[in-house]
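These notes concern the structure reproduced below.
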Protein chains: 4
Amino acid sequence: MTQSRLISVGIVGASGYGGMQLVKLLQEHPLVEIVYLGGKESAGKSYAEVYPHLGHKINLIIEPIDIDLIIARCEVVFLGLPNGYTCDIAPKLLSKGCKVFDLSADYRFKNLQVYSYWYNKKRNDIETANSAVYGLPELYRTDIQSTSLIGCPGCYPTASLLALSPLLKQGLILPETIIIDAKSGTSGGGRQAKMNLLLAEAEGSLGTYNVVRHRHTPEIEQICCDLTGHEVKIQFTPYLVPMVRGILSTVYASLRDPGLIRDDLLTIYNAFYRSSPFIKVLPKGVYPQTKWASGTNLCYLGLETDPRTGRVIVFSAIDNLIKGQAGQAIQCLNIMMGWDETLGLPQLCFYP
Amino acid sequence: MTQSRLISVGIVGASGYGGMQLVKLLQEHPLVEIVYLGGKESAGKSYAEVYPHLGHKINLIIEPIDIDLIIARCEVVFLGLPNGYTCDIAPKLLSKGCKVFDLSADYRFKNLQVYSYWYNKKRNDIETANSAVYGLPELYRTDIQSTSLIGCPGCYPTASLLALSPLLKQGLILPETIIIDAKSGTSGGGRQAKMNLLLAEAEGSLGTYNVVRHRHTPEIEQICCDLTGHEVKIQFTPYLVPMVRGILSTVYASLRDPGLIRDDLLTIYNAFYRSSPFIKVLPKGVYPQTKWASGTNLCYLGLETDPRTGRVIVFSAIDNLIKGQAGQAIQCLNIMMGWDETLGLPQLCFYP
Amino acid sequence: MTQSRLISVGIVGASGYGGMQLVKLLQEHPLVEIVYLGGKESAGKSYAEVYPHLGHKINLIIEPIDIDLIIARCEVVFLGLPNGYTCDIAPKLLSKGCKVFDLSADYRFKNLQVYSYWYNKKRNDIETANSAVYGLPELYRTDIQSTSLIGCPGCYPTASLLALSPLLKQGLILPETIIIDAKSGTSGGGRQAKMNLLLAEAEGSLGTYNVVRHRHTPEIEQICCDLTGHEVKIQFTPYLVPMVRGILSTVYASLRDPGLIRDDLLTIYNAFYRSSPFIKVLPKGVYPQTKWASGTNLCYLGLETDPRTGRVIVFSAIDNLIKGQAGQAIQCLNIMMGWDETLGLPQLCFYP
Amino acid sequence: MTQSRLISVGIVGASGYGGMQLVKLLQEHPLVEIVYLGGKESAGKSYAEVYPHLGHKINLIIEPIDIDLIIARCEVVFLGLPNGYTCDIAPKLLSKGCKVFDLSADYRFKNLQVYSYWYNKKRNDIETANSAVYGLPELYRTDIQSTSLIGCPGCYPTASLLALSPLLKQGLILPETIIIDAKSGTSGGGRQAKMNLLLAEAEGSLGTYNVVRHRHTPEIEQICCDLTGHEVKIQFTPYLVPMVRGILSTVYASLRDPGLIRDDLLTIYNAFYRSSPFIKVLPKGVYPQTKWASGTNLCYLGLETDPRTGRVIVFSAIDNLIKGQAGQAIQCLNIMMGWDETLGLPQLCFYP
């Protein structure tokens, strides 16, 4: 890790919550330098105008989104564009040697028909899509080392797949019984003035949305399929919880062997994640609180088996904006560059 | 409903949240008069000392818990004692003609072995237990009319059973596939100074507790069994949500006939609850927010089927302190006394 | 109060928070009937579309705002229009015998130059403005009985003036030392999708706005002047607190006679508000929590003197949407109609 | 700042919120090593038992509080004991060469009679008290460099004095007109299971406490006196706000010269704090939100003058647990050791 110079990075979509987390974390990252912030509606503003509480350290102006400018200035670019935009510009960026971290859904799918169905956009960039790596380091660490294009996972899929993977990889559960009940803080809805996200509406209220049709369903299914080798259909239900940050994803599944007990599974989980510095498997009888992950790139996992029903229940807690978005992208950057995977990523939570 | 005099009621455990809701609702009920408030630690205090914001209307002193005094003064008594206490005093109260509404778990179970196993207390009052009616009016309205002892349901069972009953009663689902993922506000933990319920700890955090061993599991199972005629084992997982009031219970189950669609089920639910004034079945595509039930005795139900997985998902929202506790007890009182079921029970929510 | 028929009322601006509170309270008021709901953007929608949780009781369609229609149908109309609109239509409504309750600022000012300066609108309706009564019943109960036009007070002025009036009326303080530091829940910002009111932005944050230039300043000053007989300049600072409802207004002032002590002042306050059923003067050493007023038309007052500094500090807590808006308007209606002042207005708070 | 070895530090009271913040910040501080954690009730527990989400990085056991052990092991000790305890042990620690940072009130006062009156404890350690420095670096930076005993300021005094100091130091205001209205998140109440701090009680509620008798009053007055050279009596009112962290302190005072305008004062503030890296004076028209300081050692200041009343209003926002407690203590450590004042102290806020 002796490196004489800083890597130049750009962040497109710097005024949203995810972009802002990237700005904050990369600003404190020891081996990179932010050289470009891009935005659409915020273009022309200083960063201090958009975030008065960050401006004193981030002395940059948000510039228009300009591919040539990005290519000229950045070795690495994080793209926080709406779904359906990155796939139009990524090929050009890649062809000029720029490393691309796409925070949208565009490069999460190998099967572009599935993408087109759920995201309502025709795609022809099959080759680029195939070269992309799904940026979940705990599953695809090796692939990440040798690609230039990362499709950064969604927040719910991150929490849910980290809970599911050891079970699926080892064939311990019946995949058709998988139910994921996933609860998110309201920052997952982005920095947008929507009425249902107002404090006066959301405080003191809990509800679901996009029942049986949330777009993270096929994303989770694709990776489940990759882990098991055959098609998997899961049940996925998201909720908005009256809190700012955090996701708690609960995974239910029937055990293939109902004789398996919690302690067996904890051993398996600990082994599975032994080389993953950000995964914390909790001891028996302890279940994660979302706040424990707050401000960190950690994922806390707790589990239980129920001998009465033959099921396993896994609880997975992350900070939706860090491990669920910006932090995980930087974790991928660290791996891709050959740096220590934990570089610049907080592990001590913001508490209370 | 022409009635010349008010019924005299007493409330034991008046300083807890459930007791306080009873006090508030009964104070405004047109056909009853509160003549006794009982408490243990709060005995001797005026109600205004315990709740400064209610004292101006509730001009009563909390008295010690004294059976003879209750019998002498009350035609009806609501008992908000800890589990295991009511069963020691209810027989005497009943023998003197007092009508008893037990908010604890003591009279929810017909099978006292199940009770003893989960609540860790030996019981011999089989006859009294058998005379008790489970106070869920939407299922046991007729029985409630002719009993003097109501075992008031738990908050989670209320929300969950109202979601499940039409499916079970009609045999539409495979009972062994039932999973209930139920989220509660922190007032469900009672008015007790516990560290995990502090605002500084609970705000911004979501977590589970009592996984695979919450005591509401056998309570739900007992009623499921009563509805289907055979034993049912359910999966039940509770959560504490960073909000004061409300429960959202999500019920998952596999449909016996995967061809059944949402609209069929909505028709069935509307028919099932046609005579139940507090159940609001939401139109297709609308799912309940807990806040919609806030301050009311209503239960909002929304549902969806998933043709991809063959499951039905039902969402049930209540105010845990009203339909989940005090309001439902009063609903039972109204029925038992032959009054309008909705008397004194709010239907317009506290919003925003 | 023997009345054979219901008074017909209309509500313009029924989809905002204030309008919704009016709808809810008037729906349960025993002597009125809602016959008209008016709105601009929401016109044509059923009330259940706008508020799914109220629609089951409010079976009305929101209609366009049409003066002739209001005149034809309503004896009483509540106008929740933006500032500067009511003054254009009130004269016509009044001329046709309609009683008008204006929730905007238009009829709060006698001095239209002050209004024009702060609200940036020219006005010529001096006569109508002079006939309007400031709808703070605790100060103007008699005038309210004999007018047809009420300028309903702002939420901050309501809380602040109820705290100040006994002191000013009795000449106990030096008016030039008055400082009002007033904190409000975010529902005061209305049901509008503004970024600063998002849960993700507002939760966990407290801040001020409109420092030294909030429009409620001249409104408070006008009434102070009316009470003292000479011009008063106050200091007024508002804040947004991360909670949905409630205002806590703190009033500081120097005592003319530093020898006056708390107990003297409590006696004076109790006497001043003896005939005001919604004012609760708290005993010594007790200070109001905003939540105590939640869901009620009450105002809680607590106070303290500081012999070290010669100041009095008064704390005033209200529900900004009820005593601060909709409830107080209905209190005025009750007085104007000769009904019991408390009719249809809750006094038991929504707690916890 | 070339330093070959780490300084050994101990933290007494490591399980409270302040202690936990110290543990977290010192764990990440590049020039210190935590060698001792002390506690009373938590003694014997691993840190992971007390804080499951920190234990993975803080691999220490909480030990009993033992002076000899502290002396043997620590060069520097942070004492988070209840008021009245530190003064009994500090002299011994100091005599053995240990540097002491007292988070209690014991060493904040020069005048021990004032201390004894407000804290109800007799004291004779006049000499030690005189050697202590009030740990507000922006005012006492030079003194901090040459002492071994820091009396760390209270949270409210920190926010309030940073707002007041430029005005007092330059004689711009009339000290007898100072009013401080200060609002705090509930973590200020400590990690104690108190009923009024429960989420169910505190959420949605705002109220005051200790009116005209909060112990931070004489602490603020002492420093005001030190700045002006004569006795000052201030008005101080604290509040609990329904949020976890943060203090917003509002300072009102009458200007000696009413002709002074905001822009003059901003110039003065910027000059006054030019060498203070943690003070951020906001541009005109911008006022601080508590959340902007969240997770940082920063203090945001915004101000306004009111030509109508001749007053200045200053708003000061800090994170009560960092700049208001643990962070400021470390800032003092940095200065005392001759390190960069900002070492190990976050400046980018936790947002949203």
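Proteins come first, then strands; the chains are lettered A, B, ... in the order of their sequence lines, and each starts at number 1. Note that the structure is predicted; figures quoted are calculated from it, not measured.
Within a 6.0 Å radius of OH in A:Tyr117, no more than 12 heavy atoms belonging to other residues, nucleotides or ligands are found. More than 12 heavy atoms of other residues, nucleotides or ligands lie within 6.0 Å of CG in A:Asp263, so this atom counts as buried by the packing criterion. For B:Glu231, the CD atom counts as loosely surrounded, since its 6.0 Å shell holds 12 or fewer non-hydrogen atoms of other residues, nucleotides or ligands. Shown here is B:Asn120, whose CG atom has no more than 12 heavy atoms of other residues, nucleotides or ligands within 6.0 Å.
What you find for B:Phe315 and A:Thr237 is that their closest heavy atoms are CZ-CG2, 3.7 Å. Taking all atoms of both residues into account, the shortest heavy-atom contact from A:Pro352 to B:Ala200 is CB-O, 3.3 Å.
B:Lys233 and A:Asp306 are not joined by a salt bridge, as no carboxylate oxygen comes within less than 4.0 angstrom of a charged side-chain nitrogen.
Side-chain atoms of B:Arg213 and A:Arg308, non-hydrogen and from C-beta on, never get closer than 4.5 Å to each other. Looking only at side-chain heavy atoms (C-beta outward), A:Gln289 and B:Asn196 stay at 4.5 Å or farther from each other. Looking at B:Arg311 and A:Ile179, their side chains come closer than 4.5 Å, going by heavy atoms from C-beta outward. With a 4.5 Å cut-off on side-chain heavy atoms, A:Thr208 and B:Glu304 do not count as touching. You'll find the side chain of B:Tyr239 stays beyond 4.5 Å of the side chain of A:Tyr287, heavy atoms only. Contact of the B:Asp181 side chain with the A:Thr250 side chain is registered, since non-hydrogen atoms from C-beta on lie closer than 4.5 Å.
In this structure, the portion of B:Ile234 lying under 4.5 Å from any heavy atom of chain A is its backbone and not its side chain. Contact of B:Thr217 with chain A is made through the side chain alone, with heavy-atom distances under 4.5 Å. With a 4.5 angstrom heavy-atom cutoff, B:Val241 touches chain A only via side-chain atoms. Proximity to chain A is limited to the backbone of B:Ile178, based on heavy atoms less than 4.5 angstrom apart. Only the backbone of B:Pro288 has a heavy atom closer than 4.5 Å to any heavy atom of chain A.
Residue with the most contacts toward chain A among B:Val211, B:Thr309, B:Leu198: B:Val211 (heavy-atom pairs, distance under 4.5 Å).
When atom types are taken as modelled, the side chain of B:Lys291 and the backbone of A:Glu203 share a donor-acceptor pair closer than 3.5 angstrom. Judged purely by atom type and a 3.5 angstrom limit, A:Thr290 uses its side chain to pair as donor or acceptor with the backbone of B:Leu206.
Taking CD from B:Gln235 and OG from A:Ser254, the interatomic distance works out to 8.5 Å, rounded to the nearest 0.5 Å.
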